[in-house]
Amino acid sequence: MTQEELELLCKEKVSKKRFRHILGVKEQAILLARRYGEDEEKCITAALLHDITKEMKFEDQLQMILKADSHTSEIILHSTPLYHALTGAIYAKEVLHIEDEDILNAVRYHTIARAGMSKLEKIIFIADATSIDRKYKGVEYFRELSFKSLDLCMLEMLRDDMRRLLKDGCLIPVDTINAYNSLSLELGPKKA
Ligand SMILES: [Fe+2]
Ligand SMILES: [Fe+2]
């Protein structure tokens, strides 16, 4: 499937607003790919795929998840907004026959992150949160930081995400905590 075909498929699968977001993520991922010497084609493919199943019904997504992996953690199963990252990767592999593990992981971990993410995975995670359509308070700071250091930007974003999750009384996926701890150790944790 060419990237033009993938883009068209994407357009069919999601609302206009979400499609604009996906194109924004694609553009941001291209900029980060150039900055950090990542493969642009892979970034484009992962960006186009990252939210492709986001508008599927949760029940249908849950069926896809359980069919593909019966060991999915309870924390993820309780967090419906996270389903689309898993189902996006399943859809990419099973329906579109995309075999590149790095692309599949970039889709799979774009919401929760994980320890030991590849450059492509970090680019998609960050591009998703800093695309042009994102307007939340602090987005400019993250956008700027992402061009200085992917790792520092990831760490700051994870801190922010975890703070918000705790404040709202939400569950925190183990992969998110592992991502936070491993980046903290690499970059030098703050003293307790
Ligand atoms: Fe997403
Ligand atoms: Fe997204």
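None of these values were measured; they are calculated from a predicted model. When a residue number appears, it is its place in the shown sequence, counting from 1. In each ligand, atom 1 is the first atom listed, and ligand 1 is the first ligand listed.
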Opening angle between NE2 in H110 and OD1 in D51, taken at the Fe ion (ligand 1), to 10 degrees: 100°

Any side-chain donor near an acceptor of the partner, E27 and S131, under 3.5 Å: no

Name of the H50 atom (N/O/S only) found closest to the Fe ion (ligand 2): NE2

Closest approach to the Fe ion (ligand 2) by D128, given as the N, O or S atom name: OD1

Heavy-atom check, side chain of L96 versus side chain of M1, under 4.5 Å: yes

Ring geometry between Y136 and F142 (parallel below 30°, tilted from 30 to 60°, perpendicular above 60°): tilted

Minimum side-chain heavy-atom gap I76-P173 below 4.5 Å: yes

Residue H21, metal the Fe ion (ligand 2), N/O/S under 2.8 Å: yes

